[in-house]
Amino acid sequence: MEKDYLSKEEDEKFSRTVLNFNNGNKGDIDEKKKDEIRNRTKIIIYKVSRELLHLSPDESATIFLDMEEELDKIISSYKVSTATFNHYIKQLCQYRYRRIKQKNYQKTLWENAFFQEEAALNARNYNEIDFLDIKQKEKVHIIREPLNVYSEMDLKEIINFISKNKNVLDYPVYNRMEARLRKFLDISPTVRKRFLIFILTLPRKAEGFDSYDIARVMKTDENAIIRFFDLKNEALGYQEDKIREIQSRASKHWRMMAKLEANITIEHDEEKKKKLRDHYQTQVLLHKKNVRELRRASQGMSRTTISNILGLSRSTITVAIKDTATILELIANS
């Protein structure tokens with residue numbers, strides 16, 4: 001009879017097995033035990049994607065093949081954690097699924113359900129450490145903040161929280177640049193804080209990453225990162241409808257400029273041509289004004305604003321941004 005691999009009892013039992021295997025002597029690896037763990041992990045990957053994430057057979061097979069290529073790395077990356085092995089695999093399957101969806105430029109309602117389910121699971125799993133022994137528990141750094149506490153934090157508080165708190169889950173990295181970035185962010189809370197300050201200065205449309213990417217490389221709770229971005233957008237003071245309104249005005253003046261330019265070309269009466277030119281210059285000024293406003297609406301937070309919110313000097317903010325930008329450039333080019 002097939003074991004219930006997804007049951008709590010089997011999950012905790014296998015979690016201990018994987019932890020003991022990973023903590024064993026690397027010079028004396030039990031190949032038989034390794035094969036048993038690999039085979040069971042394959043089954044768990046497919047069962048999690050089908051029975052917990054409710055993905056289609058094709059989607060589950062895609063995720064399975066993607067993760068099978070890095071199976072040994074995935075297993076060895078599971079360390080002492082408050083999350084069981086099945087939950088760890090589920091998080092990886094969720095991330096792989098998101099990568100596949102993003103690559104194909106598909107957006108579905110499943111992602112919203114995934115966020116809600118993940119939040120509930122995180123709330124439970126932060127307390128699920130019964131299978132760890134006392135010595136392991138002493139080493140574990142656990143984020144015990146309830147999920148709803150983030151909604152009460154302001155931007156300064158959420159930055160300080162993310163800077164000082166890291167999740168115990170050791171997510172595998174998927175390329176060298178990501179590994180170097182995580183190593184950089186692991187240096188100290190100050191480095192992590194500077195990284196968040198740097199993100200505040202980026203234009204909203206040019207960030208190039210989502211909340212899960214940042215949560216993963218910083219090894220922190222995604223809900224805290226979501227709150228961080230919400231507060232950033234709130235501090236910028238521009239809503240999307242306001243930006244669309246400015247774009248509409250700018251386009252209107254641009255069309256008027258094009259029409260006036262055409263009329264000036266065909267007009268032979270000098271007096272009328274002068275009036276058209278004057279009207280054209282007025283539209284140019286109005287268009288430039290809207291473009292400037294649009295740029296302000298689309299850019300990130302100013303150093304002065306960040307300084308006022310965080311209670312730090314402007315020179316400190318400038319140094320943080322400059323140093324972080326330099327390191328990130330080195331990471332990208334190395």
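Just so you know, residue 1 is the first one in the sequence shown, and it goes up from there.
- Tyr46 is listed as a side-chain neighbour of Arg50, based on a closest heavy-atom distance under 4.5 Å.
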*For His287 and Asn290, run side chain to side chain contact (heavy atoms under 4.5 Å, CB included): C-alpha distance rounded to whole Å, both residues' side-chain angles, the deciding distance at 0.1 Å, then the answer.*
CA-CA 5 Å; His287 180 261; Asn290 281 280; 5.9 Å; no
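- Summarising the geometry of Val191 relative to Leu185, their closest heavy-atom pair is CG1-CA, 4.2 Å, with the distance given to 0.1 Å.
- Judged by distance alone, with hydrogens and angles left aside, the side-chain atoms of Ser77 form a donor-acceptor pair with the main-chain N or O of Lys73 at under 3.5 Å.
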*Check the pair Met218, Leu196 against side chain to side chain contact (heavy atoms under 4.5 Å, CB included), reporting the backbone distance first and the verdict last.*
CA-CA 10 Å; Met218 297 192 77; Leu196 292 172; 3.9 Å; yes
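- When atom types are taken as modelled, the side chain of Glu59 and the backbone of Ser56 share a donor-acceptor pair closer than 3.5 angstrom.
- Between Lys8 and Lys13, every side-chain heavy-atom pair lies at or beyond the 4.5 Å cut-off.
- Annotation for Arg192 and Thr220: closest pair NH2-CB, 4.2 Å, computed over non-hydrogen atoms.
- The shortest side-chain heavy-atom distance between Phe195 and Ile327 does not fall under the 4.5 Å cut-off.
- With hydrogens and angles ignored, the 3.5 Å screen pairs a side-chain donor or acceptor of Tyr88 with a backbone N or O of Ile74.
- Considering only heavy atoms from C-beta on, Val284 stays 4.5 Å or farther from His253 through its side chain.
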*Could you go through the side chain to side chain contact (heavy atoms under 4.5 Å, CB included) check for Phe85 and Thr41 one step at a time?*
CA-CA 9 Å; Phe85 189 76; Thr41 301; 3.7 Å; yes
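- Under a 4.0 Å N-O distance rule, the pair Glu267/Arg277 does not qualify as a salt bridge.
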*asked:* Pair Lys274, Glu271 - check side chain to side chain contact (heavy atoms under 4.5 Å, CB included), show working.
replied: CA-CA 5 Å; Lys274 182 179 181 304; Glu271 185 175 348; 5.8 Å; no
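- The structure places CD1 of Ile89 at 11.5 Å from CG of Leu6, a figure rounded to the nearest 0.5 Å.
- Ile187 is connected to Leu181 through a chain of hydrophobic side-chain contacts under 4.5 Å among Ile, Leu, Val, Met, Phe, Trp and Tyr, so both are in one cluster.
- The side-chain contact (heavy atoms from CB on, under 4.5 Å) with Ser307 is formed by just one residue from the set Ile197, Ile317, Thr318; it is Ile317.
- Using a 4.5 Å cut-off between side-chain heavy atoms of Ile, Leu, Val, Met, Phe, Trp and Tyr, with links allowed through other members, Ile45 and Leu65 fall into the same hydrophobic cluster.
- Linking ILVMFWY side-chain heavy atoms closer than 4.5 Å, directly or via other members, places Trp254 and Ile246 in two distinct hydrophobic clusters.
- Between the side chain of Asn160 and the main chain of Lys156, a donor-acceptor pair closer than 3.5 Å is present.
- Inspection of the Ser315 and Ser313 side chains reveals an N or O donor paired with an N or O acceptor under 3.5 Å.
- Under 3.5 Å, the side chains of Asp11 and Thr84 contain a donor-acceptor pair of N or O atoms.
- Under a cut-off of 6.0 angstrom, the local environment of NZ in Lys42 is crowded, with over 12 non-hydrogen atoms contributed by other residues, nucleotides or ligands.
- Contact check for Ile159 versus Ser163: side-chain heavy atoms found under the 4.5 Å cut-off.
- The shortest distance between side-chain heavy atoms of Ile214 and Ile199 falls below 4.5 Å.
- Side-chain contact between Leu155 and Met301 is present, with heavy atoms from C-beta onward closer than 4.5 Å.
- A donor-acceptor pair is defined here as one N or O able to donate and one able to accept, closer than 3.5 Å; no such pair exists between the side chain of Asp66 and the backbone of Thr62.
- In this structure, OG in Ser60 is found 4.5 Å from CG in Leu55, a value given to the nearest 0.5 Å.
- Once rounded to the nearest 0.5 Å, the distance linking OH of Tyr280 with CD of Glu261 reads 4.5 Å.
- Atom CZ of Phe21 sits about 11.0 Å away from atom CG of Asn23, to the nearest 0.5 Å.
- Under the 3.5 Å distance criterion, the side-chain polar atoms of Arg194 are left unmatched by any main-chain donor or acceptor of Ala320.
- Ion pairing of Arg40 with Glu36 is absent here, as no side-chain N (NZ or NE/NH1/NH2) approaches a carboxylate O to less than 4.0 Å.
- The two residues His54 and Glu51 have their closest heavy-atom pair at CE1-O, 3.2 Å.
- Checked by atom type and distance alone, the side chain of Thr201 pairs as donor or acceptor with a backbone atom of Phe198 at under 3.5 Å.
- What you find for Ser76 and Asn22 is that their closest heavy atoms are CA-OD1, 3.6 Å.
- Rounded to the nearest 0.5 Å, atoms CD (Gln281) and CG (Leu286) are 11.5 Å apart.
- Without hydrogens or angle criteria, Thr316 side chain to Leu312 main chain gives no donor-acceptor distance under 3.5 Å.
- Looking at Val48 and Tyr5, their side chains never come closer than 4.5 Å, going by heavy atoms from C-beta outward.
- The NE2 atom of His87 sits 11.0 Å away from the CG atom of Leu52 when rounded to the nearest 0.5 Å.
- For Glu70 (side chain) and Met67 (main-chain N/O), no donor-acceptor pair under 3.5 Å exists by modelled atom type.
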